[in-house]
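Below is one structure; the comments refer to it alone.
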Amino acid sequence: MLIDWPALSARCDRAGIPLRGGFHPCDDDGVPPAGDLPAGTLVLLGNAGPSMWHAFSRAREDAPDLALDDWTSSVVSALAAELGATALFPFTGPPYWPFQRWAQRADSVHPSPLGILIHPRFGLWHGYRAALVFPERLSLPPREDLPSPCASCADRPCLHGCPVSAFSPGSYDVAACVGHLDAQAGAACMTGGCLSRRACPVGQEHIYPEAQRRFHMRAFRLAAPRPGR
């Protein structure tokens, strides 16, 4: 199947899970074969701003208990079957695929002081939910290589936004964060999203809707490790 990038992008947009860049894998990238053939192109899909959330929310109108991972798997697996690609996900495994490393190959993203990847335009309000591996070597648009906005950020407000100082350069105190979320004092984080993430000035126009921030915080709180569990 001959696939061009604009048509692929439009198809993914209609499915509600936009393209987030792509690359031609090398041996060191750890990309599995596309079926029985070597991988020619890996394309990442996910969200940048609230676009994917709107599609997921519409699906939940008929299935209120629908999980985001289940919705993602259903949508992207259907795309893979239609397009002759292999679908990969960061939430299945083992093996657990190196999505963060792939993202830095596919997109202009950089590690932030919070440990998550920052985009020069979307800031911290983006994510990677799946990948499609094609046997063909697709023609990719020119990569927009932009410097990390953290390099010119002297104040680092993200490191000072947490009420319990869970973040420091190169470190994240999960226990302090989860303990705060479990307490009444963590209500602002639970309803409005991580205060450190919200403190970053980059990409504020792309911040997730409050319902999406609340959804992700609830999911994190449920999944986070606790002593004795």
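All values derive from a computational prediction rather than experimental measurement.
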Minimum-distance pair of heavy atoms, taken over all atoms of [X] and [Y]:
X      : Y      : value
Trp97  : Leu88  : NE1-CD2, 3.7 Å
His24  : Asp29  : O-OD2, 4.4 Å
Asn47  : Met52  : CB-CB, 3.6 Å
Leu195 : Pro163 : CD1-CG, 3.7 Å
Phe134 : Ala34  : C-CB, 3.8 Å
Phe167 : Cys194 : CE1-SG, 4.3 Å

Just wondering, are more than 12 heavy atoms of other shown residues or ligands nearer than 6.0 Å to [atom1] in [X]?
X      : atom1 : value
Glu205 : CD    : yes
Asp155 : CG    : no
Gln204 : CD    : yes

Pairwise side-chain contact, Pro113 with Cys150, heavy-atom cut-off 4.5 Å (strictly under): yes
4.5 Å side-chain heavy-atom contact, Arg197 and Ile116: yes
Give a yes or no on whether the backbone of [Y] and the side-chain of [X] come within a donor-acceptor separation of less than 3.5 Å.
X      : Y      : answer
Ser112 : Ile118 : no
Ser77  : Ser73  : yes
His110 : Leu146 : yes
His126 : Leu117 : yes
Ser196 : Cys158 : yes
Arg20  : Ala131 : no

Does [X] share a hydrophobic cluster with [Y], counting links as ILVMFWY side-chain heavy atoms below 4.5 Å and allowing steps through other members?
X      : Y     : answer
Phe89  : Leu83 : yes
Leu132 : Trp71 : yes
Phe122 : Phe99 : no
Phe91  : Val31 : no
Trp53  : Leu44 : no

Centroid-centroid under 6.0 Å between Phe215 and Tyr208 rings: no
Sub-6.0 Å ring centroid separation between Tyr128 and Trp102: no
Spacing of CG belonging to Leu159 relative to SG belonging to Cys200, to within rounding of 0.5 Å: 10.5 Å
Rounded distance (nearest 0.5 Å) linking atom CD1 of Ile3 with atom CG of Leu138: 6.0 Å
Residue that, paired with Glu210, satisfies side chain to side chain donor-acceptor pair (under 3.5 Å) out of Arg214, Arg213, Gln212: Arg214
